[in-house]
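Atom set for the values below is all heavy atoms of this structure, side chains included, hydrogens, waters and symmetry mates excluded. Every number for a ligand or one of its atoms is a count from 1 in the order of the listing.
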Amino acid sequence: MDTAENPIKFTGIRLSKPKKVAAGLPAVVSSMRHILEEMNAFRGMKALLQLNQKKGFDCPGCAWPDPDDERSPVAEYCENGAKAIAEEATTKKLHGDFFAQHTIEELGQLTDYEIGKKGRIAEPVYLAPGSTNYVPISWDKAYELIANRLNNLSSPNEAVFYTSGRTSNEAAFLYQLMVRQYGTNNLPDCSNMCHESSGVALTAALGIGKGSVTLEDVHDAEVIIILGQNPGTNHPRMLTALQKAKDKGAIIIAVNPIPETGLISFLNPQTIKGILNIPTPLTDLFLQVKINGDMALLKALSILLLEKEKNQPGSVFDSEFIENNTRGYQEYIAHLEELDLASLIETCGVPLEQLAEAAKIIAGKQKIIACWAMGLTQHKNAVDTIREVVNLLLLKGSIGKQGAGVCPVRGHSNVQGDRTMGIYEKPSDVFLDRLDTVFNIQSPRAHGYDVVQAIHAMHDGRAKVFIAMGGNFLSATPDTNYTAQALRNCDLTVHVSTKLNRSHLVHGKEAIILPCLGRSDKDIVNGEQQFVSCENSMGVVQSSRGNLHPVSDLLKSEPTIVCELATAIFGTHSPISWNQYMQHYDRIRDAIAQVIPGFEDYNLKVRHPGGFYLPNGAREGRFNTHSGKANFNIAEVTFPEVRKGEYLMMTIRSHDQFNTTIYGLNDRYRGVYNERRVVFMNSKDIEHEGLKSGQLVDLYNYEDGKTRVAPGFIVIPYDIPIGCTATYFPETNVLVPVNSVADQSNTPVSKSVIIQIKSSTIKS
Ligand SMILES: Nc1nc2c(c(=O)[nH]1)N[C@H]1C(S)=C(S)[C@@H](COP(=O)(O)OP(=O)(O)OC[C@H]3O[C@@H](n4cnc5c(=O)[nH]c(N)nc54)[C@H](O)[C@@H]3O)O[C@H]1N2
Ligand SMILES: Nc1nc2c(c(=O)[nH]1)N[C@H]1C(S)=C(S)[C@@H](COP(=O)(O)OP(=O)(O)OC[C@H]3O[C@@H](n4cnc5c(=O)[nH]c(N)nc54)[C@H](O)[C@@H]3O)O[C@H]1N2
Ligand code: SF4
Ligand SMILES: [Mo]
């Protein structure tokens with residue numbers, strides 16, 4: 001179906017062998033090419049020189065931390081950081097004339113790549129009911145209209161307020177405050193689709209929903225296990241940290257269905273070795289797990305460790321740590337003893353010899369870090385799988401000590417900070433009580449909708465107004481056609497955005513786009529430059545000051561937009577005087593300091609070069625759980641039911657995208673150029689299905705008695721386990737059933753989608 005939600009275009013595929021080395025000169029060339037396509041060299045260099053510097057701005061890419069100590073004065077960023085800047089700081093811009101020339105329908109036929117290349121949205125625009133084009137609207141009129149629609153709903157719970165993870169702490173705090181003053185906890189965010197499973201698992205196991213390690217810990221680790229993560233593409237500066245760890249003798253074990261280039265070896269363009277073209281091998285042991293075989297793999301590893309411990313008591317497990325700091329050890333051991341190693345091996349697909357080698361490596365070491373990302377979080381059994389990672393570390397006493405711990409590597413640059421600021425549909429009463437006391441409001445106590453619940457509520461007419469602080473809800477969420485209907489059923493959809501995206505084009509009866517400043521933009525209020533702050537994946541809060549002249553005078557900062565919208569919604573009788581916060585962002589930080597533990601003296605601490613660490617009990621070996629101890633978890637081994645003729649499909653990122661933003665059409669490391677409509681398959685499966693390399697196929701999912709189809713994908717033979725396939729999101733989100741969610745975290749299961757593959761009905 002070639003519609004506004006799923007346009008299909010083929011761009012002319014070229015293939016090469018997957019690369020064996022990440023980064024190096026091609027990365028530098030690619031960075032510069034992206035920058036120069038979007039802006040002149042002066043603007044490009046001006047931005048890049050301040051990227052991730054202590055007085056500069058935080059990279060709008062991923063949440064990998066910056067070094068605490070010295071930073072490179074010229075290039076403290078990676079290829080994908082440069083691409084993020086090129087995308088955001090482009091000088092191309094969209095004013096009213098662009099929207100007058102192009103109907104929504106026309107724009108909907110463009111691919112995500114083409115839409116993104118159009119430029120920055122340069123003024124607020126409005127789409128009237130039944131109208132074909134967005135037209136300019138003044139900021140005041142836009143606020144008035146949104147406030148009017150919100151104030152006329154029969155309940156505040158009929159509105160949904162989405163957040164994506166680029167939003168600063170300051171904007172996020174104000175946004176959730178506005179939403180709670182308005183009267184709802186309907187605050188779904190991208191985290192619901194991302195590391196929610198990690199948050200749920202770690203809170204139950206360790207008493208804090210975040211990672212426990214610092215960057216220094218990664219450098220000091222003896223063993224680093226990387227599961228379900230592709231750092232070479234998605235957290236490229238992590239390779240520098242891995243290289244440092246390797247230089248100090250660390251052993252890296254990678255667990256992944258595909259041998260990702262960034263896990264194999266790294267040419268650091270900032271070192272002499274890199275310049276001399278001498279790569280650092282990274283992974284010492286690659287375990288090619290079947291999609292979603294991790295739980296079985298981890299249990300098998302624990303069994304092998306238990307055997308060694310029994311043979312030589314005290315040599316493998318940290319019994320003192322287990323005794324003093326954990327709960328449920330005996331029960332966990334009893335559980336392991338009931339399991340059948342052979343069937344675990346069959347489920348995970350990794351041969352015993354390799355598992356034994358991994359067990360041997362782990363057995364003799366104490367400083368072990370486990371890193372993971374979406375390859376673990378987006379499965380039905382994600383929470384229990386992550387708890388299995390923790391079980392393994394607890395056996396080894398590898399939590400709360402230097403060089404050891406859990407490291408869920410976050411996605412968006414401030415997704416962790418947004419949660420800390422209260423962007424959460426299930427806030428604690430303690431947090432709400434503080435808000436109420438400090439601001440003299442009455443926050444609602446009923447929990448709100450997460451992403452999946454919000455889609456259903458909009459689909460069923462229980463929610464009528466959708467407001468998004470960033471993001472691209474339609475393309476990021478599952479079951480694209482169902483979600484498109486959900487958005488279309490709304491009376492009003494509003495987006496605070498930097499760039500045009502598909503969620504602006506598949507809209508409610510009325511729609512508004514409010515254009516905002518990005519990270520790289522200079523934000524001046526009353527003649528004084530303001531800064532915002534973000535929390536990275538390791539709990540460091542840092543300031544971020546853009547240094548580029550915004551492409552349009554009609555852009556506003558996210559904090560200003562929230563304050564002005566709140567003023568329009570609540571009028572002059574509000575107990576919160578919203579105006580003060582947009583006059584100086586120190587006022588927002590003062591408010592945050594009053595509400596959120598760890599932010600005392602925020603304004604002082606955030607001005608410290610490099611920022612400050614938030615408190616983290618697990619890091620210090622204190623576990624704020626119900627039991628006061630770190631908890632082992634017992635879970636049955638589960639695996640998706642895949643019938644004959646069905647395959648498991650993981651939806652992954654190419655090297656040229658940031659989530660739904662498509663920077664380019666290449667996936668250099670995997671050797672795919674100029675095409676995104678591809679399906680990676682094992683050659684035996686290709687043969688078994690009677691298909692050929694390069695053939696066009698249609699992909700189907702039939703869950704819940706519905707037929708979902710993603711037509712037109714080119715078959716690529718790849719090094720992936722039998723029965724497993726991979727495609728890029730968002731193109732295949734149409735196949736992810738909205739009701740297929742992870743137990744406990746409700747995260748869409750977008751890494752184990754059950755598909756059938758049939759030769760295509762369309763021509764390329
Ligand atoms: N350049 C760039 N950077 C990004 C992003 C981006 O889109 N582009 N997105 C950002 C965001 S929001 C996030 S959340 C992160 C995402 O970072 P990643 O989680 O690295 O992103 P994915 O492409 O989803 O890759 C998942 C990895 O898990 C593997 N995998 C899939 N299923 C399984 C499984 O069942 N078991 C195991 N062991 N492995 C599996 C895949 O082969 C792949 O290597 O990156 C962030 N950084
Ligand atoms: N099938 C499948 N689906 C997935 C995933 C997957 O692995 N597979 N991954 C999931 C994950 S991990 C995530 S995090 C979500 C991502 O979901 P989202 O966060 O909703 O999506 P993004 O693509 O990151 O959002 C991009 C848009 O954000 C806007 N934007 C960019 N910068 C700014 C800014 O500074 N301010 C504002 N206001 N707007 C800005 C731009 O308009 C841009 O078009 O997708 C999820 N969806
Ligand atoms: S690793 Fe992530 S945060 Fe660092 S420069 Fe690259 S994209 Fe930006
Ligand atoms: Mo994410």
Side-chain angles (χ1 to χ4, degrees), residues 51-52 58-66 76-84 87-88 112 115-116 121 162-168 171 189-191 193-195 227-231 233-238 240 254-258 260 263 287 289-294 297 372-379 385 409-413 415 468-473 475-478 495-504 514 516-519 536 558 561 648 650-661 663 720 724 726 728-730 732-733 735-736 747-748 750-753:
L51 186 54
N52 293 328
D58 188 45
C59 176
C62 76
W64 187 254
D66 306 307
E76 196 55 62
Y77 56 86
C78 71
E79 174 189 355
N80 278 323
K83 288 183 198 163
E87 183 76 20
E88 176 180 295
D112 293 319
I115 293 175
I121 304 162
Y162 177 68
T163 312
S164 168
R166 248 181 217 180
T167 299
S168 64
D189 71 340
C190 66
S191 202
M193 300 178 271
C194 186
H195 267 294
L227 308 103
Q229 191 199 351
N230 177 19
T233 285
N234 297 314
H235 308 92
R237 280 193 310 160
M238 180 171 164
T240 311
V255 184
N256 203 303
I258 49 184
E260 300 282 26
L263 293 169
L287 306 179
V289 70
K290 283 188 207 163
I291 294 177
N292 202 216
D294 305 81
L297 182 147
W372 68 90
M374 299 304 101
L376 290 201
T377 66
Q378 298 173 335
H379 293 287
T385 299
V409 186
R410 300 280 162 175
H412 268 294
S413 56
V415 64
M469 181 58 75
N472 183 359
F473 193 83
S475 301
T477 53
H495 287 87
V496 177
S497 309
T498 49
K499 301 284 296 268
L500 192 65
N501 65 47
R502 202 163 295 286
S503 302
H504 305 130
L514 302 174
C516 64
L517 298 176
R519 281 284 166 76
N536 65 33
E558 290 178 350
I561 295 171
L648 277 180
M650 52 182 190
T651 55
I652 54 177
R653 292 152 169 84
S654 79
H655 193 62
D656 266 2
Q657 74 182 87
F658 191 91
N659 301 337
T660 71
T661 299
Y663 300 139
I720 186 169
C724 299
Y728 303 130
F729 98 96
T732 43
N733 256 340
L735 296 172
V736 184
T747 292
S750 40
K751 291 285 188 279
S752 43
V753 185

Distance from Y728 atom OH to Q657 atom CD, nearest 0.5 Å?
-> 8.0 Å

With atoms numbered from 1 as shown, which atoms in ligand 2 lie under 4.0 angstrom from a non-hydrogen atom of V496?
-> 37 (C), 38 (N), 39 (N)

Is it the side chain (CB and beyond), the backbone, both or neither of N52 that lies under 4.0 Å from ligand 3, heavy atoms counted?
-> side chain

Report yes if the side chains of S164 and H412 come closer than 4.5 Å at any heavy-atom pair, otherwise no.
-> yes

Short list, please: which atoms of ligand 2 are under 4.0 Å from a heavy atom of K499?
-> 41 (C), 42 (O), 44 (O)

Could you check whether the rings of F658 and Y663 sit parallel, tilted or perpendicular, using 30° and 60° as the cut-offs?
-> tilted

I652 side chain reached by N230 side chain, heavy atoms, under 4.5 Å = no

Of all the atoms in ligand 2, which lie at a distance below 4.0 Å from a heavy atom belonging to Y162?
-> 17 (O), 18 (P), 19 (O), 20 (O)

Measure the shortest side-chain to side-chain distance between E558 and T167 over non-hydrogen atoms and say whether it is less than 4.5 angstrom.
-> yes

Near atom 2 (Fe) of ligand 3 (under 2.8 Å) - protein N, O or S atoms = C62 SG

Check: E88 side chain, R519 main-chain N or O, donor-acceptor pair, under 3.5 Å | yes

Would you check if the side chain of H379 reaches a backbone N or O of G293 as a donor-acceptor pair within less than 3.5 Å?
-> no

Using a threshold of 4.0 angstrom between heavy atoms of the protein and any atom of ligand 1, which residues qualify?
-> C62, N80, C194, G228, Q229, N230, T233, N234, H235, V255, N256, P257, I258, E260, V289, I291, N292, D294, A373, M374, G375, H379, G411, H412, M650, I652, R653, Q657, F658, N659, K751

Under 3.5 Å: donor-acceptor pair, side chain of K751, backbone of T651 | yes

Would you say the side chain of Q229 lies within less than 4.5 Å of the side chain of N234, judging by non-hydrogen atoms?
-> no

Can you measure from SG (C190) to CG (N472) and round to the nearest 0.5 angstrom?
-> 11.5 Å

In ligand 2, which numbered atoms sit nearer than 4.0 Å to a non-hydrogen atom of C516?
-> 36 (N), 37 (C), 38 (N)

Which atoms of ligand 2 are found less than 4.0 Å from any heavy atom of N733?
-> 1 (N), 2 (C), 3 (N)

With the side chain counted from C-beta on, respond yes when L263 and P231 share a heavy-atom pair under 4.5 Å apart, and no when they do not.
-> yes

Ligand-residue contact atoms, ligand 2 with S497, heavy atoms, under 4.0 Å = 39 (N), 42 (O)

Has the side chain of N80 got a donor or acceptor atom that lies under 3.5 Å from a matching backbone atom of T233?
-> yes

Do any N or O atoms from the side chain of H195 and from the backbone of V409 form a donor-acceptor pair under 3.5 angstrom?
-> yes

Give the numbers and elements of all ligand 2 atoms closer than 4.0 Å to a heavy atom of G470.
-> 37 (C), 38 (N), 39 (N)

Any idea which part of N501 is under 4.0 Å from ligand 2, heavy-atom wise: side chain, backbone, both or neither?
-> side chain

4.0 Å heavy-atom contact, R519 with ligand 2 | no

Report yes if some heavy atom in the side chain of F729 is under 4.5 Å from a heavy atom in the side chain of Q378; otherwise report no.
-> no

